[in-house]
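In what follows, chains carry the letters A, B, and so on, assigned in the order in which the sequence lines appear, proteins first and then strands, with residues in each chain numbered from 1. Computation of the quantities below employed the complete heavy-atom set of this structure, encompassing side-chain atoms and omitting hydrogens, waters and symmetry-equivalent molecules.
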Amino acid sequence: MSDSDKKDGETAAGTPGVDFIREAVAEDLRTGRYDYVRTRCPPEPNGWMHIGHAKAFSIDYFVAMDFGGTCNLRFDDTNPEKEDMSYVEAIQRDTAWLGIDVKDRVLFASDYYEQLYELAVRLIKKGVAYVDDLSDQEIREYRGTAVPDKSNITLTPPGRNSPYRDRPIDENLDLFARMRAGEFPDGSKTLRAKIDMAHPNLVMRDPVMYRIRREKHYRTGDAWCIYPMYDFQHPLSDAIEGVTHSLCSLEYEIHRPLYDWFIREAEVFPSRQIEFARLNISHTVLSKRWLLRLVQEGLVSGWDDPRMPTIAGMRRRGYTPAAIQDFLKRIGIAKTDSLVDIQLLEHCLREDLNKKARRVMAVLHPLKLILENWPAGVTEELEAINNPEDPEAGTRLLPFSGELWIERDDFAEVPPPKYFRLFPGNSVRLRYGYIVTCTGFDKDPVTGEITAVRCVYDEKTRGGNAPDNRKVKGTIHWVSAAHAVSLEARLFDSLFAAERPMDVPSGVDWVETINKASAEFITNAYAEPSLASASSGDSYQFERLGYFCCDQDSRPGAPVFNRSVSLRDTWAKIEKKSAQ
RNA sequence: UCCCCGGUUGUGUAAUGGUAGCACAGCAGACUCUGGAUCUGCUUGUGGGGGUUCGAAUCCUCCCUGGGGAACCA
């Protein structure tokens, strides 16, 4: 065995184990608890999908795929006040884009209203559900719970039974039918499960199953004036669909006994709920409520603002499904409440785009460079490699002339330590062009601004080669001024400077903590001519700057690019260090 | 207060009674026509105390600590 073989063996030993969910599923198959696997993605259509949902749905989907099973996309649409068809469409589009192919298994809890009603009737007939006349306030009080106030903590004594708890079954049946028929006003009655008002788990203290709510539902219209609650609807919808493993986030852990109770009492297919930790990412927020507010108050341009952690926003920003799936694979699945560093997400994007994105040259902060010894009126064409990581991508020709745009940062009147770009007397290579030496610069006498850099080029270095083997430390990018395409570059930063935006100091509205400098639009950037034909969604690497994705706001002759992520910037680190 | 669930390098995640590993981040170096990419090396960890055991991140116990729950939302 060679050394390298040994090394492979060691690496294999460090291979991550299978996660606890797949372990449990495998166990269920082994013991015969189930003989197939079916999961479900359970969105509520009340907002757009974000990366946290992507994590959950990917777990649902890939767990099913790994065991040769199926995965449903089921909309849990039982709250007509908040739900809307536009959300259904957005969620379906984003799910498919992520590579979650549920085929025709797109389902709606609202399609089960009749079945759920029948199951409720079954529970009433068994004597384990009853119609209650208590108000919401009274239900809370009878439950024996205090007002949830972190600063004023009180005991939770056993609850008291509702005076309507022991209504005869026939009366309950009659009342429930009349609730459906619309004989009672909103909020005047509920259907409750008869479990245990002294249960230590508060969700088991006779949870509400149905409420009266006269609200037009986006799918069922006015057909119903009673709507099922999540705790009742979810397990039974799972059962109706034959879902074996109902995977959800940790917040539902405490609901599992209730999930099991409904399944047992309704005598339906025994789906199993398993919980995992939801995703948190630094410097952003994965809360539908917060995201909705950002959109509604115009703090971002919409659900698909490139700064949003929504799938639509990330897609517009330039994230790829491959990068997102790679990220989700790397963060794993666990029950530990965690905060993933956003740099891991960015790393995954860079890694994907590095292999795929074509290289182009663009100058974001233009500074004129004049080649003093360039023959007047001459334009040359120079060959450039499209992607050094992918030889198949081939080459292209770049126009070159005596007046170029270079990056303002690539010239320094007085070079800082370890700076090896352009400064008086120094030589750099123009990428794929010539080696040039700085002879001077023009300066506005009033403002002190550098207006142009003057250089001479070495004609023997065409293409950027140094035939004399001379070492030129710096290579900078450029665009021929006469041939440049104007473009708009949109640079983005995190929406929140704080690592944990949710931890808002008391008395502060979180909206005030938004990073106001999180979007910078540069309208006077220049790029090589090939970018004129870019179309929306195309990703490029702007050499030495980062990955950019062509935005939907682009117009013919006026391309707009979003910076997806910058390149790793060693120079920035050096600068930062010497500044300290 | 009560009920439930967690705590493994800076971050995330493995190790399922038997050498605490991997990735990201960080640091140092090599290489380079992108200060990119790639490659090499390095630092840092089982929340604490007791117990069981030849052997404990893993089992028991107490403590500490973090999260969740007490909606006619999901």
Side-chain angles (χ1 to χ4, degrees), chain A residues 10-11 13-19 23 42-44 46 76-79 81-82 132 134-136 139-140 143-148 153-157 159 186-187 189-192 199-205 207-213 226-227 229-231 233-234 248-257 275 277 282 288 330-341 343-348 350-351 354-355 359 361 385 388-389 418-421 429-433 435 463-466 472-477 541-546 567-574:
Chain A
E10 280 166 16
T11 307
T15 301
V18 69
D19 59 81
E23 226 164 61
E44 186 193 9
N46 66 349
D76 275 344
D77 51 357
T78 52
N79 184 359
E81 290 173 70
K82 294 182 179 173
D132 196 359
L134 255 29
S135 69
D136 54 348
I139 287 176
R140 237 188 316 270
R143 206 167 252 153
T145 61
V147 178
I153 296 162
T154 44
L155 279 160
T156 53
D186 285 8
K189 285 180 169 37
T190 56
L191 182 70
R192 290 233 257 166
H199 199 108
N201 181 347
L202 286 317
V203 305
M204 298 295 275
R205 316 243 268 222
V208 173
M209 293 164 58
Y210 272 92
R211 60 194 188 277
I212 304 173
R213 195 85 261 258
I226 57 172
Y227 291 94
M229 302 293 292
Y230 169 87
D231 279 321
Q233 173 274 133
H234 199 88
C248 61
S249 52
L250 247 26
E251 56 196 300
Y252 295 104
E253 201 163 27
I254 201 162
H255 294 247
R256 191 182 344 127
E275 314 84 12
S282 64
K288 267 192 200 173
R330 288 182 196 233
I331 60 172
I333 309 171
K335 295 187 73 165
T336 317
D337 186 50
S338 62
L339 181 72
V340 179
D341 193 333
Q343 288 185 97
L344 179 60
L345 218 204
E346 295 178 341
H347 167 82
C348 292
R350 287 192 189 101
E351 191 162 270
N354 177 47
K355 285 181 285 210
R359 272 60 169 175
M361 290 202 279
I385 294 166
E389 304 294 322
K418 293 182 187 166
Y419 185 88
F420 44 82
R421 282 116 90 169
R429 175 186 292 107
L430 296 174
R431 179 85 155 146
Y432 301 122
I435 292 173
N465 303 306
V472 179
K473 198 104 162 90
T475 298
I476 66 173
H477 61 278
Q541 184 197 99
F542 289 5
E543 292 218 31
R544 300 211 302 135
L545 297 175
L567 252 25
R568 270 187 62 217
D569 192 347
T570 311
W571 170 245
K573 279 182 196 167
I574 295 169

Original post:
Does A:Lys473 have a side-chain nitrogen or oxygen under 4.0 Å from the phosphate oxygens OP1 or OP2 of B:U32?
Top reply: no
Subject >> N or O in side chain of A:Thr78 less than 4.0 angstrom from B:C73 OP1/OP2 >> reply: no
Original post:
Does any non-hydrogen side-chain atom of A:Asp136 lie less than 4.5 Å from one of A:Arg211?
Top reply: no
**OP:** Mind checking A:Leu134 for me? I need base, sugar-phosphate or nothing, with any heavy atom below 4.0 Å counting as a touch.
**Re:** base
**OP:** Using only side-chain N and O atoms of A:Arg192, determine if any of them is under 4.0 Å from OP1 or OP2 of B:A71.
**Re:** no
Original post:
What nucleic acid atoms does A:Ile139 come within less than 4.0 Å of, heavy atoms only: base, sugar-phosphate, or nothing?
Top reply: base
Original post:
If we only count heavy atoms from C-beta on, is the A:Asp76 to A:His234 side-chain gap below 4.5 Å?
Top reply: yes
Original post:
Partner of B:G10 by Watson-Crick or G-U wobble geometry, both contacts under 3.5 Å, or none?
Top reply: B:C24
Subject >> Nearest heavy-atom neighbours spanning A:Lys573 and A:Arg568 >> reply: NZ-NH2, 4.4 Å
Original post:
Does any nucleotide pair with B:U32 by Watson-Crick or G-U wobble geometry, both distances under 3.5 Å, and what is it?
Top reply: none
Original post:
How would you label the contact of A:Glu543 with the nucleic acid (heavy atoms, under 4.0 Å): base, sugar-phosphate, or nothing?
Top reply: base
Subject >> Separation between the C1' atoms of B:G48 and B:U65, rounded to whole Å >> reply: 10 Å
Original post:
Which nucleotide sits closest to the side chain of A:Glu389: B:G12, B:A37, B:A74?
Top reply: B:A37
Original post:
From B:A71, B:A74, B:U34, pick the nucleotide closest to the side chain of A:His255?
Top reply: B:A74
Subject >> Sidechain N-carboxylate O distance under 4.0 Å for A:Arg330, A:Glu351 >> reply: yes
**OP:** May I ask you to say what A:Tyr227 touches in the nucleic acid, namely base, sugar-phosphate or nothing, with a heavy-atom cut-off under 4.0 Å?
**Re:** nothing
**OP:** Under 4.0 Å between any heavy atoms, over every strand shown, what does A:Ile254 touch: base, sugar-phosphate, or nothing? Just pick one.
**Re:** base
Original post:
Between B:G69, B:A74, B:U16, which nucleotide gets closest to the side-chain atoms of A:Glu251?
Top reply: B:A74
**OP:** Look through every strand shown and name the nucleotide pairing with B:C59 as Watson-Crick or G-U wobble, where both distances are under 3.5 Å.
**Re:** B:G51
Original post:
Considering only heavy atoms and no angle criterion, is a donor-acceptor pair shorter than 3.5 Å present between the side chain of A:Arg330 and the base of B:U13?
Top reply: no
Subject >> Assigned partner base of B:C2, Watson-Crick or wobble definition, under 3.5 Å >> reply: B:G69
